[in-house]
Amino acid sequence: MDAYRVSQELPRVPTVGATIQLLKPITWFPPMWAYACGVVSAGAFTAERWWFVIGGILLAGPLLCGTSQAVNDWFDRHVDAINEPDRVIPSGRMPGRWGLYVAIIASALSMVVAALLGAAVFWAALIGLALAWAYSAPPFRLKQNGWFGNAAVGFSYESLPWFTAAAAALGGLPPAEIIAVALLYGVGAHGIMTLNDFKSVEGDTQHGLASLPVQLGVSNAARFACLVMGGSQAAVIALLLIWQHFWAAGVVGLVLAIQIGCMVHMLKSPKERAVWYSAIGVGLYVSGMMATAISLRTLTVA
């Protein structure tokens, strides 16, 4: 009788609110910001191209990133039932196979919008979409290994949107300087993703997902994450100094110094403080990205 009542209370189709929860708007910011950095670094934005900027940001965030979240939650529904049973799929608010259907619909819509924004955006979006599915779905399921999975996410969330925006704005291959910093910030995002895995160590262990906290242990994984995040930004600072972009190097150096202070605090209790660090450190990280992008725009304007 209780099971019957529960089945009667659960929806047969997802509500708008449940669908938005599945797409996780809070995760859209990194690729949207990286896309904006790409546009700024290209130095080629004009008032007539506002539709390109708006469309590209929507593609990078709600569409492609939202798709990746839906795909991930669908194929992780058994792990989430252990780690986070209140999530929209294991809780039953996204009934039946609707989690998969939303992922497929969002994928198709992403490619339509990407096609409208031009060939460069379409092919970049196709690569990003392929990585989104390969990250979570069999047979690849890159997330089973933290080395590969985090690299795919870092590239998709930071490097690819930045490169795509710059290439489309310029109508061709961006300068080597733009490509270099886009790749470096993507590498740094590997560390951000490692910290994100701390909340699911128990479920990952039970289901055989070799995240870096599972492989290396929480303390060592936290040290590695800090090294990757800090090292990538230090490399950006070095390049900015070589290119004589001194003010940008100073800004990135300042935000890195603040991050290092936060890292020292986080490393004392990494599992408990990883979320705290992400709330502060990621904001500083992306602030340095925009400072770098503003500095690089002088390359193309010149």
Side-chain angles (χ1 to χ4, degrees), residues 11-36 38 51-80 84 87-90 93-145 148-165 167-168 186 189 193 196 209:
R12 295 186 178 182
V13 296
T15 63
V16 173
T19 303
I20 292 175
Q21 282 185 280
L22 180 68
L23 301 178
K24 295 187 183 68
I26 195 172
T27 66
W28 301 348
F29 176 76
M32 292 170 68
W33 186 261
Y35 194 95
W51 58 269
F52 167 78
V53 177
I54 299 300
I57 290 175
L58 290 174
L59 176 66
L63 293 176
L64 285 175
C65 184
T67 297
S68 72
Q69 297 301 321
V71 173
N72 184 66
D73 273 22
W74 172 255
F75 289 102
D76 265 12
R77 60 195 186 278
H78 304 304
V79 178
D80 288 342
E84 299 176 86
R87 278 194 173 186
V88 66
I89 292 179
R93 287 173 287 130
M94 181 65 59
R97 299 177 66 84
W98 269 101
L100 178 61
Y101 300 153
V102 169
I104 293 172
I105 293 169
S107 296
L109 185 58
S110 296
M111 297 318 301
V112 170
V113 172
L116 294 175
L117 294 175
V121 177
F122 176 82
W123 289 110
L126 185 61
I127 293 171
L129 188 62
L131 287 173
W133 282 86
Y135 176 77
S136 300
F140 300 104
R141 200 154 165 76
L142 298 176
K143 71 174 300 175
Q144 288 184 329
N145 187 299
F148 302 128
N150 291 357
V153 173
F155 178 74
S156 299
Y157 273 40
E158 306 295 352
S159 302
L160 191 60
W162 191 319
F163 173 86
T164 302
M193 291 305 301
N196 189 56
L209 297 179

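Model, not experiment: these values are computed from the prediction. We number each residue from 1, following the sequence as shown.
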> Measuring from Asn196:CG to Asn150:CG, what's the distance to the nearest 0.5 Å?
Replying inline: 8.5 Å
> If every non-hydrogen atom of Thr164 is compared with every non-hydrogen atom of Ala120, which pair is closest and at what distance?
Replying inline: CG2-O, 4.3 Å
> For Arg141, which residues count as a salt bridge (charged side-chain N to carboxylate O under 4.0 Å, His left out) partner, sequence neighbours excluded?
Replying inline: Asp76
> Which pairs count as side-chain hydrogen bond (donor to acceptor under 3.5 Å, both in side chains) when at least one residue sits in residues 102-117, sequence neighbours excluded?
Replying inline: Ser107-Trp133
> Do other residues, nucleotides or ligands put more than 12 heavy atoms under 6.0 Å from the CZ atom of Phe140?
Replying inline: no
>> Within this structure, what is the CG-CD1 distance for the pair Leu100 and Ile104, rounded to the nearest 0.5 Å?
In response: 4.0 Å
> Between Pro161 and Ala34, what is the shortest heavy-atom contact and its length?
Replying inline: CB-CB, 4.0 Å
> Do you know the tightest heavy-atom contact between Val71 and Ala132?
Replying inline: CG1-O, 3.9 Å
> Between Trp74 and Gly96, which heavy-atom pair has the shortest distance, and what is it?
Replying inline: CZ3-O, 3.5 Å
> Between atom CD1 of Ile89 and atom NE2 of His78, what is the distance when rounded to the nearest 0.5 Å?
Replying inline: 10.0 Å
>> Just to verify, what does Trp28 make a ring-ring contact (aromatic ring centres under 6.0 Å, His included) with, not counting sequence neighbours?
In response: none
> Would you call Lys143 and Asn72 a side-chain contact if the rule is heavy atoms closer than 4.5 Å?
Replying inline: yes
> How about Leu109 and Thr67: do any of their side-chain heavy atoms sit closer than 4.5 Å?
Replying inline: no
> Is any side-chain heavy atom of Glu158 closer than 4.5 Å to a side-chain heavy atom of Pro30?
Replying inline: yes
>> Is it the case that the side chain of Ser156 and the backbone of Val153 share a donor-acceptor pair, with hydrogens and angles ignored and the cut-off at 3.5 Å?
In response: no
>> Quick one, Phe29 and Cys65 - any side-chain contact, counting heavy atoms below 4.5 Å?
In response: no
> Which is it for Leu117 and Leu59 under the side-chain contact (heavy atoms from CB on, under 4.5 Å) test, yes or no, and what are the steps along the way?
Replying inline: CA-CA 10 Å; Leu117 294 175; Leu59 176 66; 4.2 Å; yes
> Would you say Met111 and Leu126 make side-chain contact, with heavy atoms under 4.5 Å?
Replying inline: yes
>> Checking side-chain contact (heavy atoms from CB on, under 4.5 Å) between Pro14 and each of Ile20, Thr19, Val88, which is the one that passes?
In response: Thr19
> When rounded to the nearest 0.5 angstrom, what is the spacing between CG in Leu160 and CZ in Phe155?
Replying inline: 4.5 Å
>> If you compare all heavy atoms of Ala60 against all heavy atoms of Leu64, which two are closest, and at what distance to 0.1 Å?
In response: O-CB, 4.2 Å
> Would you say the side chain of Leu22 lies within less than 4.5 Å of the side chain of Arg87, judging by non-hydrogen atoms?
Replying inline: no
> With a 4.5 Å heavy-atom cut-off, do Pro62 and Leu23 have their side chains touching?
Replying inline: no
> Roughly how far apart are Trp33 CH2 and Trp162 CH2, rounded to 0.5 Å?
Replying inline: 10.5 Å
